[in-house]
S.K.: 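Handing you this structure, nothing more for now.
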Amino acid sequence: MNPLSTIAEISKHEGETVTIRGWLYNLRESGKLLFPIFRDGSGTIQGVVPKNAVAPEVFEAVKGLTQESSVIVEGKVRADKRAPSGYELDVANVQVLQRVPDNDPFPISLKEHGVDFLMEHRHLWVRTPRQAAILRVRAEIIRAVRNFFDDRGFTLTDPPILTPAACEGTSTLFPVDYFDEQAYLTQSGQLYIEATALALGKVYSFGPTFRAEKSKTRRHLTEFWMVEPEVAYAELDDLMDLAEALISSVVQRCLGNRRADLETIGRDVSHLEKIAAPFPRITYDEAVGRLQEGHARGALENKFEWGGDLGSPDETYLSAQFDKPVMVHRYPAKVKAFYMEPDPQRPDLALCVDVLAPEGYGEIVGGSQRMASYDLLLQRIREHNLPEEAFKWYLDLRKYGSVPHGGFGMGVERVVAWVCGLEHVRETIPFARTLHRLYP
RNA sequence: UCCUCAGUAGCUCAAUGGCAGAGCAUCCGGCUGUUAACCGGAGGGUUGUAGGUUCGAGUCCUACCUGAGGAGCCA
């Protein structure tokens with residue numbers, strides 16, 4: 001029996017006959033010479049089948065074989081300068097497990113397709129080299145995030161996905177029937193990990209979140225993954241240090257381990273090679289100044305007034321001024337969530353930070369120091385007309401040993417889109433859920 | 001919710017108001033180094049839906065449906 005090999009590790013078997021289990025990616029025929037390209041999930045390799053060098057039944061099995069038919073291939077690994085990967089397979093035997101029917105071929109040909117067609121066939125689209133590479137980068141990013149926190153003494157604490165009420169009272173939530181009671185899918189685990197942070201010190205959550213907003217942009221999904229660290233005794237500067245270290249670590253891991261995949265995707269990695277701490281930090285006040293200057297120069301359509309939240313064009317303009325992620329901190333409290341700690345120097349400001357990715361990818365991190373005072377928090381809950389009863393447990397955290405603490409959320413899909421240089425976040429997750437996409 | 005754009009062969013797209021086409025895919029044939037292989041041939045259409053203008057509508061008008069991009073909101 002031949003040794004089994006993945007295509008990614010084929011170079012270790014040069015000169016040997018190996019077995020590969022996979023699918024036919026493409027077939028080029030030239031009379032009595034066939035060039036099947038096989039894929040196995042780890043990569044692709046071209047096979048060579050000359051009619052006068054193989055058994056007749058092997059030649060016939062490959063001749064006219066349809067794209068994506070499943071095959072077990074035996075062949076001898078040979079280095080070849082003409083091959084993109086440097087290796088070819090001299091095919092000795094092919095077993096066809098299932099032949100894709102001639103009259104119902106694999107829908108995703110090697111030619112161009114439209115977005116809607118590809119999303120309708122997402123279950124098959126993920127087989128293409130580019131999509132597989134993106135999913136490997138996503139997995140690398142997730143692994144890098146978990147290692148980052150695990151190595152720093154953080155404890156993973158999973159918040160509930162079914163929740164009784166809105167966390168922030170702003171976003172639209174997906175309602176769920178919970179034994180005749182109204183429940184919602186979580187839009188953030190933050191409030192819950194504040195509780196576990198005060199129990200365990202440094203915690204993080206990593207899971208799906210849901211927003212029922214009717215957003216139709218390249219940056220939005222209705223179901224997306226978020227990583228949220230929360231740290232007891234952390235103040236705003238500590239959070240910015242943490243976010244900066246996390247993002248740098250993630251990017252460096254991708255450059256170190258997934259460079260070939262980034263190349264397959266067509267990413268210009270020179271942008272990523274600049275990503276290292278420290279990142280520029282500017283106050284909201286300074287950002288407003290830059291935006292007003294941009295408007296004066298005609299680079300921005302609308303004049304930005306102090307007090308408003310940054311719009312998408314504003315974020316794009318600001319981030320274009322830096323080649324690293326830029327951290328904008330201390331927004332006006334009234335445009336931010338009710339639970340953020342006021343700046344003691346300027347109580348109209350919140351101790352919060354948004355991290356804007358370069359190249360127009362927008363906000364990838366949003367976080368804040370949390371309000372520590374019981375009385376002020378209760379006052380804010382009432383000002384926002386939030387159901388006081390639902391926040392009783394959250395207020396308890398300020399009653400029993402309140403401390404300064406804070407954290408942030410990082411949107412995994414937006415980070416993947418930025419690292420891979422993608423046009424749209426729908427390619428960053430195996431099965432994207434958007435306003436008009438629930439199938440497959 | 002608002003603004004803009006699009007919908008023609010399985011896919012990607014053409015077609016000045018005047019015979020509905022090409023490339024790819026599929027099928028048939030050819031080719032011993034192809035790189036989204038190439039060459040020759042064949043089949044393949046309710047032009048998103050409904051109405052209107054016109055001698056004549058894929059094309060112009062109205063409504064609707066579906067989708068995409070953007071705004072708002074957010075990660």
Side-chain angles (χ1 to χ4, degrees), chain A residues 25-37 44-54 59 64 66-67 80-85 88 90 100-121 125 128-130 167-168 170-173 187-190 208-228 243 301-302 308-316 335-337 354-357 361-367 408-418 423-426 428-429 434-437:
Chain A
Y25 173 67
N26 192 22
L27 176 65
R28 287 186 280 265
E29 301 187 47
S30 180
K32 297 181 177 62
L33 185 60
L34 310 177
F35 298 100
I37 300 178
T44 60
I45 187 167
Q46 175 165 283
V48 185
V49 187
K51 188 170 189 177
N52 63 9
V54 299
F59 187 85
T66 43
Q67 191 189 352
D80 193 308
K81 284 197 289 287
R82 292 168 290 193
S85 68
E88 286 190 343
D90 287 324
V100 173
D102 288 325
N103 59 1
D104 192 5
F106 189 71
I108 317 253
S109 68
L110 270 52
K111 287 280 181 178
E112 264 186 303
H113 296 284
V115 167
D116 195 54
F117 178 82
L118 290 169
M119 287 304 288
E120 194 72 11
H121 297 84
W125 188 22
T128 61
R130 177 184 162 86
C167 288
E168 306 182 14
T170 52
S171 301
T172 317
L173 302 169
Q187 54 154 353
S188 166
Q190 182 208 312
T209 50
F210 307 87
R211 305 269 167 100
E213 281 153 359
K214 296 193 173 176
S215 299
K216 280 187 61 169
T217 81
R218 67 185 68 194
R219 300 179 306 280
H220 288 89
L221 300 171
T222 54
E223 175 183 322
F224 64 98
W225 287 66
M226 191 153 66
V227 55
E228 297 178 278
E301 198 177 329
N302 298 316
D309 205 354
L310 267 54
S312 183
D314 304 319
E315 291 183 356
T316 302
V335 301
K336 287 293 179 179
D354 283 356
V355 181
L356 311 180
Y361 280 92
E363 185 181 345
I364 51 172
V365 163
F408 58 82
M410 183 170 85
V412 172
E413 285 75 19
R414 286 190 184 174
V415 173
V416 177
W418 166 50
E423 281 295 306
H424 201 297
V425 290
R426 67 185 153 221
T428 65
I429 186 167
T434 63
L435 187 51
H436 298 295
R437 175 62 57 191

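The sequence lines fix the lettering, A, B, ..., with proteins before strands; numbering per chain opens at 1. Note that the structure is a prediction, hence the values are computed from the model and not measured. No hydrogens, no waters, no symmetry mates; every other heavy atom, side chains included, goes into these values.
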S.K.: Categorize Arg437(A) for me: base, sugar-phosphate, or nothing, with a 4.0 angstrom heavy-atom threshold over every strand shown.
M.R.: nothing
S.K.: Contact class for Asp104(A) vs. all strands (heavy atom < 4.0 Å): base, sugar-phosphate, or nothing?
M.R.: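 The answer is nothing, as Asp104(A) stays clear of every strand by at least 4.0 Å.
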S.K.: Looking across every strand, which nucleic acid part, if any, lies under 4.0 Å from Glu112(A) by heavy atom: base, sugar-phosphate, or nothing?
M.R.: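 Base: the residue Glu112(A), judged by heavy atoms under 4.0 Å, touches a nucleobase.
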S.K.: Which one, C24(B), U32(B), C74(B), comes nearest to the side chain of Ser30(A)?
M.R.: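 Selected nucleotide (nearest to the side chain): U32(B).
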S.K.: Take atom C1' in U8(B) and the same atom in C2(B), then report the distance between them in whole Å.
M.R.: 30 Å
S.K.: Reckon Ser312(A) touches a base, only the sugar-phosphate, or nothing at all at heavy-atom distances under 4.0 Å?
M.R.: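 Answer is sugar-phosphate: Ser312(A) comes under 4.0 Å of backbone atoms only.
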S.K.: So, using salt bridge (charged side-chain N to carboxylate O under 4.0 Å, His left out) as the criterion, who are the partners of Glu301(A) when residues are at least two apart?
M.R.: none
S.K.: Quick one: which of A75(B), G33(B), U26(B) gets closest to the side chain of Phe224(A)?
M.R.: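 From the listed options, A75(B) comes nearest.
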S.K.: Can you tell me the distance, in whole Å, between the CG atom of Leu435(A) and the C1' atom of G69(B)?
M.R.: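 One finds 13 Å between C1' of G69(B) and CG of Leu435(A), rounded.
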S.K.: Hunt down any stem RNA chain B takes part in, defined as 3 or more consecutive Watson-Crick or G-U pairs whose two distances are each under 3.5 Å.
M.R.: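 As far as RNA chain B goes, consecutive pairing (with distances under 3.5 Å) yields the stems B:1-7 with B:65-71, B:10-13 with B:21-24, B:26-30 with B:38-42, B:48-52 with B:60-64.
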S.K.: Any side-chain heavy atom of Leu27(A) within less than 4.5 Å of one from Phe35(A)?
M.R.: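 Leu27(A) does not reach Phe35(A) side chain to side chain.
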S.K.: So does His436(A) get a side-chain nitrogen or oxygen closer than 4.0 Å to the phosphate oxygens (OP1/OP2) of G67(B)?
M.R.: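 For His436(A), the contact criterion (side-chain N or O under 4.0 Å from OP1 or OP2 of G67(B)) is met.
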S.K.: Glu413(A): what forms a salt bridge (charged side-chain N to carboxylate O under 4.0 Å, His left out) with it, not counting sequence neighbours?
M.R.: Arg138(A)
S.K.: Please measure how far the C1' atom in C65(B) lies from the corresponding atom in U49(B), and state the result in whole Å.
M.R.: 7 Å
S.K.: Would you tell me if any nitrogen or oxygen in the side chain of Arg28(A) comes within less than 4.0 Å of OP1 or OP2 on U32(B)?
M.R.: no
S.K.: Taking the same atom, C1', in G69(B) and in G10(B), what whole-Å distance lies between them?
M.R.: 26 Å
S.K.: Quick one: salt bridge (charged side-chain N to carboxylate O under 4.0 Å, His left out) partners of Glu29(A), sequence neighbours excluded?
M.R.: Lys63(A)
S.K.: Nearest to the Lys32(A) side chain among A75(B), C31(B), G67(B), which nucleotide is it?
M.R.: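 Selected nucleotide: C31(B).
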S.K.: Within the structure shown, what part of the strands sits under 4.0 Å from Val365(A) by heavy-atom distance: base, sugar-phosphate, or nothing?
M.R.: sugar-phosphate
S.K.: Please pick, from U32(B), G70(B), C11(B), the nucleotide with the shortest atom-to-atom distance to any side-chain atom of Phe117(A).
M.R.: C11(B)
S.K.: Sticking with atom P, work out how far U4(B) lies from G18(B), rounded to a whole angstrom.
M.R.: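 Between the two P atoms, the distance is 28 Å.
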S.K.: Once you apply a heavy-atom cut-off of 4.0 Å, does Gln46(A) come out as touching a base, just sugar-phosphate, or nothing?
M.R.: base
S.K.: Return the value, rounded to whole Å, for the distance between atom NE2 of His113(A) and atom P of A68(B).
M.R.: 18 Å
S.K.: Could you tell me the separation between the CG atom of Asp116(A) and the C1' atom of U12(B), rounded to a whole number of Å?
M.R.: 14 Å
S.K.: Which part of the nucleic acid, if any, lies within reach of Gly311(A) when heavy atoms closer than 4.0 Å are counted: base, sugar-phosphate only, or nothing?
M.R.: sugar-phosphate
S.K.: Can you check the distance between C31(B) and C38(B), where both ends of the measurement are the C1' atom (answer in whole Å)?
M.R.: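 That atom pair is separated by 9 Å.
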S.K.: Reckon Asp102(A) touches a base, only the sugar-phosphate, or nothing at all at heavy-atom distances under 4.0 Å?
M.R.: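 The residue Asp102(A) makes sugar-phosphate contact but no base contact.
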S.K.: May I ask you to say what Glu29(A) touches in the nucleic acid, namely base, sugar-phosphate or nothing, with a heavy-atom cut-off under 4.0 Å?
M.R.: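 Since a base atom lies under 4.0 Å of Glu29(A), the category is base.
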S.K.: If you define the side chain from C-beta out and look only at heavy atoms, does anything of Ile429(A) sit under 4.5 Å from Leu221(A)?
M.R.: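 A side-chain contact exists here, since the closest heavy-atom pair is under 4.5 Å.
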S.K.: Counting the atoms with a prime plus P, OP1 and OP2 as sugar-phosphate, which does Pro107(A) contact under 4.0 Å by heavy atoms, base, sugar-phosphate, or nothing?
M.R.: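 Nothing: the residue Pro107(A), judged by heavy atoms under 4.0 Å, touches no strand.
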S.K.: Has the side chain of Arg414(A) got a donor or acceptor that lies under 3.5 Å from a partner of the other kind on the base of C74(B)?
M.R.: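 Side chain to base: pair present.
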S.K.: What I'd like to find out is whether the side chain of Gln46(A) reaches to under 4.5 Å of the side chain of Arg28(A), using heavy atoms alone.
M.R.: yes
S.K.: Can you name the residues that form a salt bridge (charged side-chain N to carboxylate O under 4.0 Å, His left out) with Glu88(A), not counting sequence neighbours?
M.R.: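 So Glu88(A) forms a salt bridge (charged side-chain N to carboxylate O under 4.0 Å, His left out) with Arg78(A).
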S.K.: Using atom C1' in both nucleotides, what's the gap between A20(B) and A57(B) to the nearest angstrom?
M.R.: 13 Å
S.K.: Looking at every strand, decide which applies to Lys51(A) at a 4.0 Å heavy-atom threshold: base, sugar-phosphate, or nothing.
M.R.: nothing
S.K.: Would you mind classifying the nucleic acid contact of Leu34(A) as base, sugar-phosphate or nothing, using non-hydrogen atoms under 4.0 angstrom?
M.R.: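 Nothing, no nucleic acid heavy atom in range.
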S.K.: Of the listed nucleotides (A68(B), U26(B), C74(B)), which one gets closest to any side-chain atom of Lys216(A)?
M.R.: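 The closest nucleotide is A68(B).
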S.K.: Got Lys336(A) and Asp354(A) here, is their nearest side-chain heavy-atom distance under 4.5 Å?
M.R.: yes
S.K.: Between Leu33(A) and Val412(A), which residue's closest nucleotide on RNA chain B lies nearer the 5′ terminus?
M.R.: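 Nearest-nucleotide comparison on RNA chain B picks Leu33(A).
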S.K.: Tell me: CG of Leu221(A) to P of C73(B), nearest whole Å?
M.R.: 19 Å
S.K.: Nearest to the side chain of Thr217(A) - G33(B), G72(B), U26(B)?
M.R.: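 Taking heavy atoms from C-beta onward, the closest nucleotide is G72(B).
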S.K.: Rounded to the Å, how far apart are Gln187(A) CD and C73(B) P?
M.R.: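 Distance check: Gln187(A) CD to C73(B) P gives 15 Å.
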S.K.: Does Arg219(A) put a side-chain nitrogen or oxygen below 4.0 Å from OP1 or OP2 of G69(B)?
M.R.: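 No, no such contact exists.
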S.K.: Quantified in whole Å, what is the P atom distance between nucleotide G48(B) and nucleotide U59(B)?
M.R.: 8 Å
S.K.: Does a distance-only test, which skips hydrogens and angles, find a donor-acceptor pair under 3.5 Å between the side chain of Ser215(A) and the base of C73(B)?
M.R.: yes
S.K.: Does the side chain of His424(A) get closer than 4.0 angstrom to OP1 or OP2 of G69(B) through an N or O atom?
M.R.: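 His424(A) to G69(B) OP1/OP2: side-chain N or O found under 4.0 Å.
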S.K.: Taking side chain as C-beta onward, heavy atoms only, is Glu120(A) less than 4.5 Å from Arg437(A)?
M.R.: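 With C-beta onward as the side chain, the pair touches.
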S.K.: Which pairs would a plain distance check flag for residues 105-115 of chain A, meaning a side-chain donor or acceptor within less than 3.5 Å of a matching protein atom at least two apart in sequence or in another chain?
M.R.:
residue, atom, partner, partner atom, Å
Ser109(A), OG, Lys111(A), N, 3.4
Ser109(A), OG, His113(A), NE2, 3.3
His113(A), NE2, Ser109(A), N, 3.1
His113(A), NE2, Ser109(A), O, 3.3
His113(A), NE2, Lys111(A), O, 3.4

S.K.: Please measure how far the C1' atom in C64(B) lies from the corresponding atom in A71(B), and state the result in whole Å.
M.R.: 24 Å
S.K.: Counting the atoms with a prime plus P, OP1 and OP2 as sugar-phosphate, which does Asn52(A) contact under 4.0 Å by heavy atoms, base, sugar-phosphate, or nothing?
M.R.: base
S.K.: Choose from A75(B), A68(B), A36(B) the nucleotide whose nearest atom is closest to any side-chain atom of Arg426(A).
M.R.: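 The closest nucleotide is A68(B).
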S.K.: Inspect the contact between Arg414(A) and Glu363(A) and indicate whether a charged nitrogen and a carboxylate oxygen are less than 4.0 angstrom apart.
M.R.: no
S.K.: Just the rounded figure in Å: distance from P of A71(B) to CD of Glu213(A).
M.R.: 14 Å
S.K.: Whether the side chain of His220(A) and the base of C74(B) hold a donor-acceptor pair under 3.5 Å is what I'd like checked.
M.R.: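 Indeed, a donor on one side and an acceptor on the other fall under 3.5 Å apart.
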S.K.: If you only use heavy atoms from C-beta on, which nucleotide in C11(B), A75(B), U34(B) is closest to the side chain of Phe35(A)?
M.R.: U34(B)
S.K.: Check whether any side-chain heavy atom of Thr209(A) sits under 4.5 Å from a side-chain heavy atom of Phe224(A), and report yes or no.
M.R.: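 Side-chain contact under 4.5 Å: yes.
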S.K.: Checking all strands, does Glu88(A) fall into the base, sugar-phosphate, or nothing category for heavy-atom contacts under 4.0 angstrom?
M.R.: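 Base contact.
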